[in-house]
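Reviewing the structure listed below.
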Amino acid sequence: MRIDVLTLFPEMFQAVLGQSMLRLAQEKGLVSYHLWNIRDYTLDKHKKVDDRPYGGGPGMVMTPEPVFRAIEGVERDGSEPARKVLLTPQGERFTQSTAEALSRENRLMLVCGHYEGFDERIRQGFDFLEVSIGDYILSGGEVPAMVVIDAVVRLIPGVLGDQDSPEFESFKDGLLEYPQYTKPREFRGLKVPDVLVSGHHENIQQWREEQARERTRAKRPDLFKKAPGPKTVSQ
Ligand code: ADE
């Protein structure tokens, strides 16, 4: 997968893309990241990317020219059209199923705004998936874009080893993850449940399913209602 990021702050991405799983995915050749500065696409000598809103009001708005030129120029840099994603608090909520859908694309282009928002003609000019990572206002789309990249890249086949396959984790079946334990068997008086050290795989599986359901019911009743399976928890 090729991921293009259009932003006024490309340096913000370097640490996140250059470490851990996101870096490994690039090293394995499964993804390539391309960072572009929208300011490089301005035509005026002051490299201005924002202006005051028509009609008045607080804050500044991103002007259409550099954003249009950046999107069109970057699109031409690759050999195929990109699925374009606009990070905005007005977008549809980003969920695991959005991440799954995006992980099947060959090319993503993430467009990050800053200031009070985008000139509306930017939305009109392109077929964007508008995405919000939650009902709060961040200072720009950069952190949300990193969230999207992380959630998407780890789903690309081959990025994670078999052992940490995303198939078994939280949200996959609409439930939170069951409790996990590792060594030691007892820590400060707190013990690992016997079933996990019993070696009885069927019982372990059943215990984990019950725990996942019970946790989801207690912590996230909203998810529990939507999850497939019985709506009661066996004791
Ligand atoms: N830009 C500012 N806030 C945002 C949010 N919550 N999600 C996506 N993009 C944003």
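Whatever order the structure lists ligands and atoms in, that order sets their numbers, starting from 1.
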Residue-ligand contact G113/ligand 1, heavy atom below 4.0 Å: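 G113: no contact with ligand 1 (<4.0 Å).
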Any D135 heavy atom less than 4.0 Å to ligand 1: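 In this structure, D135 fails to qualify as a contact of ligand 1 - no heavy atom is under 4.0 Å.
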Hey, which atoms in ligand 1 end up nearer than 4.0 Å to a heavy atom of [X]?
X	result
G140	1 (N), 2 (C)
V131	8 (C)
P144	7 (N), 8 (C), 9 (N), 10 (C)
G134	6 (N)

Could you identify the single nearest non-hydrogen protein atom to [atom] and state the distance to 0.1 Å?
atom	value
atom 7 (N) of ligand 1	I133 N, 3.0 Å
atom 9 (N) of ligand 1	T88 N, 3.1 Å
atom 10 (C) of ligand 1	P89 CD, 3.6 Å
atom 3 (N) of ligand 1	L138 N, 3.0 Å
atom 6 (N) of ligand 1	Y136 O, 2.8 Å

N-O pairing of E214 and R217 below 4.0 Å: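 A salt bridge links E214 with R217.
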Electrostatic pair K84-D127, nearest N-O below 4.0 angstrom: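 Between D127 and K84 there is no salt bridge, as every charged N stays at least 4.0 Å from the carboxylate O atoms.
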R107 and R83, any side-chain heavy atoms less than 4.5 Å apart: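 Sidechains of R107 and R83: no contact.
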Note, L86 side chain near R123 side chain (heavy atom, < 4.5 Å):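 Side chain of L86 against side chain of R123, heavy atoms only: contact under 4.5 Å found.
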I137 N/O under 3.5 Å from ligand 1 N/O: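 No; every N/O pair is 3.5 Å or more apart.
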Ring center gap for F68 and Y41 short of 6.0 angstrom: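 Judged by ring-centre distance (under 6.0 Å), F68 and Y41 do not meet the cut-off.
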Atom NZ of K28 with >12 non-hydrogen neighbours under 6.0 angstrom: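 Enclosed: over 12 neighbouring heavy atoms sit under 6.0 Å from NZ of K28.
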Any donor-acceptor N or O pair under 3.5 Å, side chains Q206, E202: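 No donor-acceptor contact under 3.5 Å links the two side chains.
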Value rounded to 0.5 Å, distance of CG in L43 from OG1 in T63: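 One finds 10.0 Å between CG of L43 and OG1 of T63.
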